[in-house]
Amino acid sequence: MTSEMQADRSAQPESVPRHEDRFIASEELARLVMRTAGSHLQLARDDRPYQWSTTAYCDTYDWAIYRAAVAGQALRLRFREYHRTRPDEAFTSARVWLELKEDTVDMSRKERFEIAGDVVPAFLRGETDLTDASGGLGQKAAELVRAGARPVVVTQYNRLAYAAPDDRIRITADHNLIYLAVPWTTNSDDAVPIRIGPILARETDVVIEMKWLGELPAWAEELHGYLRQRAPADRPSKFVVAMRHLLGEAKS
Amino acid sequence: MTVMQNDTSVVVVEDDPASADVLQRRLQANGMSVSVGRTGGDGLALIRELHPDLVLLDVGLPDTDGYDVCLQVKSDSATADIPVIFLSARGDVFDKVRGLSCGASDYLTKPFHPAELLARVDAVLSQSRRIRSPRLSKPAESAPVGRPTAIIALTDQGRRERAELILGPKFEIIAAGAEGRAVDLLLVDGDASVASRMGNEGPAVLRVAPAGAPMSPDTVVLNDELARIADLAVRERELGRDVDAAADALIALAMAFESHDRATAGHSERVASRAVGIAKALGLDAASCQTIRVGALLRDIGNTKLPLGLVRSRSELTLAERKQIEQHPALGQELLAPFRPLARLLPMVRSHHEHLDGSGYPDGLKAPQIPLEVRIVAVADRYEALRIARPDRPAMSADAAVQILQQCVQRGELDAAVVAALATGVRGHDRGEAAGA
């Protein structure tokens with residue numbers, strides 16, 4: 001049986017080139033950056049300040065999504081939840097955000113769906129219809145599901161985010177970032193919630209992300225330059241880092 | 001007034017010697033035993049070793065920060081129930097929220113008044129004791145004579161007396177912690193935390209639903225039915241022990257077969273121990289761990305039906321010989337199938353050489369058809385096999401063996417989370433050995 005999912009109205013597909021830089025910063029540097037961001041931008045409440053974000057990333061049995069992400073082009077399939085204290089299970093919430101995010105060399109697109117936590121297995125069995133998702137993302141996601149995509153890694157962190165009202169610039173700081181494995185056996189049953197773990201690695205520093213559309217305002221340009229001088233900016237995405245730890249490709 | 005039990009143990013993780021000294025003397029003066037760690041690493045080691053009643057944790061530490069220490073305490077199932085209070089000079093709301101969201105019970109800003117510290121310690125300990133299970137003394141070796149024994153650990157006195165009236169005719173009611181007594185039944189509040197034991201060890205545990213709540217699959221109600229349900233629970237536990245005894249006999253047979261080969265003697269024990277370690281790291285419950293342990297011990301029992309010379313051959317096998325060896329999972333299943341209570345072990349016996357990508361044997365199963373316990377036994381078996389010297393290669397180091405298994409994960413043969421759990425255990429063990437040295 002096929003059912004439809006409701007797209008989140010607040011999430012817009014990004015069809016213009018979006019810039020994204022990621023930095024690993026010390027606690028002190030992160031505080032300075034967020035204080036500056038806070039004086040120009042508004043606190044983004046959709047990221048639930050200092051609550052725990054738990055994001056489960058999917059991949060296929062031949063790691064097709066990870067391989068494509070390393071090459072710089074991938075459709076990422078992930079489920080996000082928010083909790084006040086850190087859960088040791090995924091899909092415990094009544095509402096879960098299913099996110100489809102596609103990065104190419106030229107642009108980034110994202111579609112977000114709000115679904116019930118217990119619908120996740122049905123989605124992974126291919127029983128839900130995402131074909132209405134704009135730009136063909138739903139179709140591509142359905143192909144990944146047919147190829148056996150299932151949750152393989154989880155990240156958990158506390159996020160503080162500041163964003164412009166039109167969301168053209170967004171600066172986030174992720175503390176307490178933890179990468180975990182997911183002992184997911186099969187997409188064929190209804191076994192949610194699922195226990196997550198073991199812990200693959202912990203990030204001792206803070207991950208700062210700057211995302212913007214078009215030109216940066218002067219203050220942000222200055223902040224960006226300051227960050228580039230003081231923090232490594234060649235950090236891969238959380239998904240790629242988590243997968244490197246999972247597959248033993250990260251230097252431990 | 002602050003009243004503390006004399007056996008209350010506290011670990012203080014504080015890098016400033018003067019602050020640590022003041023805290024230690026203050027707590028000791030109130031009847032607590034105190035151990036101090038000066039770094040996050042020292043503190044974690046003390047917490048894991050002592051399993052204290054409470055941890056007082058500074059945020060700023062020389063080797064890491066208190067948030068990370070708290071996360072590690074709360075991420076480890078062995079220490080997750082220990083309450084943590086942060087002591088910090090950082091008084092920002094973000095710091096407090098961050099500390100509490102890491103799982104701490106309280107956050108106290110320095111400088112603090114000693115009375116406030118003791119009041120908060122008292123409150124956290126009281127809350128913690130309400131939700132932690134009563135500590136049972138080790139069961140006696142000898143079986144009890146006469147009626148089965150029961151401990152009634154309900155917090156409400158009225159409900160406790162009612163339970164004693166109901167169970168009294170069938171059970172001998174004994175006090176929690178009664179020295180040298182075996183316990184058959186433990187009656188606890190529905191929300192109580194009870195330390196889990198492996199398989200059918202320890203008493204049968206019944207959880208009593210709150211007053212007015214209906215009976216659920218997980219709880220019982222304080223009424224006349226309770227005596228019958230308790231009796232059944234104790235009998236079920238005894239039956240489980242009988243099944244375990246049957247499994248033990250088969251394990252003894254498999255071990256006897258293995259012990260005649262010096263090259264593989266003790267291998268199954270190591271595989272079983274490794275498999276249980278992985279299962280625990282994946283958060284599986286005690287009953288699943290016990291099933292996995294027995295399945296791992298019996299996984300190669302089919303070898304007893306193969307020619308002895310073939311099983312113990314140290315030279316390279318011909319294709320025909322390899323095909324014959326690859327029969328052992330199916331032969332093992334044949335051997336165990338008549339023992340119906342052991343049915344839950346059969347997938348581990350038959351499928352522990354299957355690969356997630358379908359390239360394994362005997363059935364060429366693919367990932368969705370291979371249960372988690374089978375994946376765990378397969379990884380433990382492969383790892384321990386790599387650690388043994390073979391005619392064609394020397395024994396591998398732990399790191400090298402893990403790397404080979406990670407390559408198997410990349411090829412799609414083994415389960416990534418299971419290998420990650422193995423790697424975590426191996427690395428943890430190495431770190432422990434290094435610290436011990």
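Computed from a predicted model, the values in this text were never measured in an experiment. Within every chain, numbering begins at 1; the chains are lettered A, B, ... in the order of the sequence lines, protein sequences first and strands thereafter.
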What's the shortest heavy-atom distance between B:Leu71 and A:Arg86, and which atoms?
CD2-NE, 3.8 Å
Which atoms of B:Val409 come close to chain A, meaning under 4.5 Å heavy atom to heavy atom: side chain ones, backbone ones, both, or neither?
both
For B:Leu282 and A:Arg195, which heavy atoms make the closest approach, and how far apart are they?
O-CD, 3.3 Å
For A:Ile196, is it the side chain, the backbone, both or neither that has a heavy atom under 4.5 Å from a heavy atom of chain B?
neither
How many angstroms lie between atom CG of A:Leu246 and atom CD of B:Gln410, to the nearest 0.5 angstrom?
9.5 Å
Per-residue contact mode, A:Arg84 against chain B (heavy atom under 4.5 angstrom):
backbone
Counting heavy-atom pairs under 4.5 Å with chain B, which one of A:His83, A:Arg31, A:Arg150 comes out on top?
A:Arg31
For B:Gln72, is it the side chain, the backbone, both, or neither that has a heavy atom closer than 4.5 Å to a heavy atom of chain A?
both
Check each atom of B:Ile370 against the heavy atoms of chain A and say whether the ones under 4.5 Å are side chain, backbone, both or neither.
backbone
Nearest atoms (heavy-atom pairs only) where A:Trp63 meets B:Ala416:
CH2-CB, 3.8 Å
Looking only at heavy atoms, the pair that brings B:Ala367 and A:Tyr61 closest together is CB-CE2, 3.1 Å
Per-residue contact mode, A:Val182 against chain B (heavy atom under 4.5 angstrom)
backbone
OG1/A:Thr185 to CG/B:Leu356 distance, rounded to the nearest 0.5 angstrom?
9.5 Å
Top residue by heavy-atom pair count (under 4.5 Å) with chain B, among A:Gly148, A:Ala181, A:Pro183?
A:Pro183
If you count heavy atoms of other groups shown closer than 6.0 angstrom to NZ of B:Lys366, is the number above 12?
no
Please flag which part of A:Asn176 lies under 4.5 Å from any non-hydrogen atom of chain B: side chain, backbone, both or neither.
both
Interatomic spacing from CD in A:Glu249 to CD in B:Gln407 - rounded to 0.5 Å:
10.0 Å
Can you tell which of B:Gly412, B:Pro371, B:Ala281, B:Pro368 has the highest number of heavy-atom pairs within less than 4.5 Å of chain A?
B:Pro368
